[in-house]
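To keep things clear, I will list the structure first and then write my remarks on it.
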There are 2 protein chains.
Amino acid sequence: MHPLLAYLRRFVPTLTEAEWQLLAGAVRPCHLARGQHFVRAGEHRPEIALLLRGNCRLYYLRPGGEERTTYFFFENHLLADYAGCLLGQPSQLNIQALTEAELLVFDYAVLRRLYDECPAYERFGRVLAEYHLLGTDARLTEQLLLSPEERYRALLASGKTKILERIPQHLVANYLGVTPVSLSRIRARVARER
Amino acid sequence: MHPLLAYLRRFVPTLTEAEWQLLAGAVRPCHLARGQHFVRAGEHRPEIALLLRGNCRLYYLRPGGEERTTYFFFENHLLADYAGCLLGQPSQLNIQALTEAELLVFDYAVLRRLYDECPAYERFGRVLAEYHLLGTDARLTEQLLLSPEERYRALLASGKTKILERIPQHLVANYLGVTPVSLSRIRARVARER
DNA sequence: CGCGTTTCTTAGCTTTTGTTATCGTCGGGA
DNA sequence: TCCCGACGATAACAAAAGCTAAGAAACGCG
C-alpha cells in the first residue's frame, strides 16, 4: 500500500481508494541531504510532508542566534510548518534533516481544498489536529508538572526510546528544556543511584 | 444571538440556523458555586461547556496531593476534559470554579454524532482542535525557549491581562512553571529595574 | 466591627541549574 | 594517516530556583 494512504487510514480507516486518488496525484517525492532544511524561519512553505526515511529536528532561533531544538521527526510521521499553513504566515520555526531523508510532499492548499470537497479529508484534518493536540498537551503538562530530572526519568520510562537512541544528547537536552551540561549531570545522578 | 451559536460561528461563520438547531436542543444551563468542580481526576465526564460568566482553573494533583494549576478559563471559552472525551477515559485533570460560574453544557456524544451527520460540525471540530493546538504549541514553545523571568515578561507584554488581573498570583506562578515564592522574587527584580 | 483566612513578600539556607572552560573520545574528510 | 570538528563528561563559579518559615496586608465572613 502507498505509505501516505496507510498513514491516512490510521486516522480515517474508511478512506476509499477513490477518495485517496483525490490527493494521490498531488504527491511528489523529495530528498533532503543531511543538514538540509525543509523550512527556515521567515520563509512561507505551505506544504505537508510524510517522512519515509531518516529523521529531522524542529528548532527555533533565539535572539543571539542560539538554536533550541524542540521536536524530532521519525519515519512515518508528518512534518510541516503547521502554524504557517493554518495562518498563511511565514514560518517561525526551522525544520532540518539530521540524516539523509526521503519525504513525500504535497501542498497544504490541496488538502485545504479537499476539506471543502470531501468529508473524509475534513475528518482526517480533525482527527489529525486532535491527535497532535493530545500529544502537545501532554508534553506541556509534563513541563509544568515535572522537574528536569523527573522529565528525563519520564523519557526513560516512556516508549520514546528512539529519541534517546538516535538523537545527539545536546539536542535531547533542548527537548527536555535544560542545558546540555545539566542533562549530563542529571544522567550522572540517575546512573549513580542504581 | 444565543451565546453558543455565536461561539460556533466564530469558527464556522457559515453555520445555518437549521444546523444550529441540531445541537441547540441538547444544551442545558449549569451553575457552579465558587470552589465547585466541573470535573475531578478519576471521573469520566464527557461533556463540553461554554463558560458564560466567572472563571475556572484547570489543575493536576501531584503525588503527595499538591495541586498544580496549568490553565485558566474565562467568559466565552469552552471548558472540558478534552482528552477524556476523545479517548473515552477517566479524567487526569481537575476543573474547578474560582468564582461563581454560569455554564452551558452539552454531551460530547451529541457533538460526536453530529461529526458524522453534519459536515458543518465536523468542520467546527477540526477548526476548534487546530485553534487549540496553535495555542498549546505556542505555550509549550515558550516553556522550552524562555527562562521563568522571560516568561513572566512575555505574559506582561501579551494581551492576557485577564490572567494577571483576575487570578491569584500563586496560581499564575504554577501557570508559568515556577513556585509562588520564585514569582514574587521575579516580580521584585522586574519592578526594581524601572 | 473583629477575627481568621488567604495572599503576597521577604529572608535564610539548600539544591539545582546556567555558564564557561577544559579535556578525552570518536569519526569523517583531506 | 593525520587533523579538525562534533560530542559528551567534568569542574569551578555565579545565578537562579526550590524549600521553609515568618510577617504584613487585604479580604471575606460571621
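Because the structure is predicted, anything quoted here is derived from the model rather than measured. Residue numbering restarts at 1 for every chain, and letters A, B, ... go by the order of the sequence lines.
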Given the rule in the ring-ring contact (aromatic ring centres under 6.0 Å, His included) test, do Y59(B) and H37(B) qualify, once you have shown the distances and angles that lead to the verdict?
-> CA-CA 11 Å; Y59(B) 69 94; H37(B) 283 77; 5.8 Å; yes
Heavy atoms of other groups near R40(A) CZ, more than 12 under 6.0 Å | no
Under the ring pair (Phe, Tyr, Trp, His ring centres under 6.0 Å) test, residues paired with F11(B) that sit two or more places apart | Y7(B), F124(B), Y131(B)
Would you mind telling me which of R62(B), R57(B), Q96(B) makes a side-chain hydrogen bond (donor to acceptor under 3.5 Å, both in side chains) with E67(B)?
-> R57(B)
Side-chain N or O of H170(B) closer than 4.0 Å to phosphate OP1/OP2 of dT6(C) = no
Degree of bending in the helix from dC1(C)-dG30(D) to dA30(C)-dT1(D) once both end axes are built from five pairs, to 10° = 40°
Give, ordered by number, those residues of residues 56-71 of chain A having at least one heavy-atom distance below 4.0 Å to an atom of DNA chain C; if nothing qualifies, reply none.
-> none
Okay, side chain of R9(B), backbone of L15(B): is any donor-acceptor separation there less than 3.5 Å?
-> yes
Working for side-chain contact (heavy atoms from CB on, under 4.5 Å), residues D116(A) and R113(A) = CA-CA 5 Å; D116(A) 290 329; R113(A) 187 165 41 76; 5.7 Å; no
Every protein N/O lying under 3.5 Å from an N/O of nucleotides 10-18 of chain C:
residue: dT17(C); atom: OP2; partner: R189(A); partner atom: NH1; Å: 3.3
residue: dT17(C); atom: OP2; partner: R189(A); partner atom: NH2; Å: 2.9
residue: dG18(C); atom: OP2; partner: T179(A); partner atom: N; Å: 3.2
residue: dG18(C); atom: OP2; partner: T179(A); partner atom: OG1; Å: 2.9
residue: dG18(C); atom: OP2; partner: S182(A); partner atom: OG; Å: 3.4
residue: dG18(C); atom: N7; partner: R185(A); partner atom: NH2; Å: 2.7
residue: dG18(C); atom: O6; partner: R185(A); partner atom: NH1; Å: 3.1

Could you give the start and end, 5' to 3', of the contact zone on DNA chain D for chain A, using atoms under 4.0 Å from its heavy atoms?
-> dC7(D) to dA12(D)
Can you list the residues that meet the side chain to side chain contact (heavy atoms under 4.5 Å, CB included) rule with P168(B), with sequence neighbours excluded?
-> H170(B), L171(B)
Kindly say if Q169(B) contacts the phosphate of dT9(C), meaning a side-chain N or O under 4.0 Å from OP1 or OP2.
-> yes
Given side chains that start at C-beta, do those of Q143(A) and L140(B) come closer than 4.5 Å, heavy atoms only?
-> yes
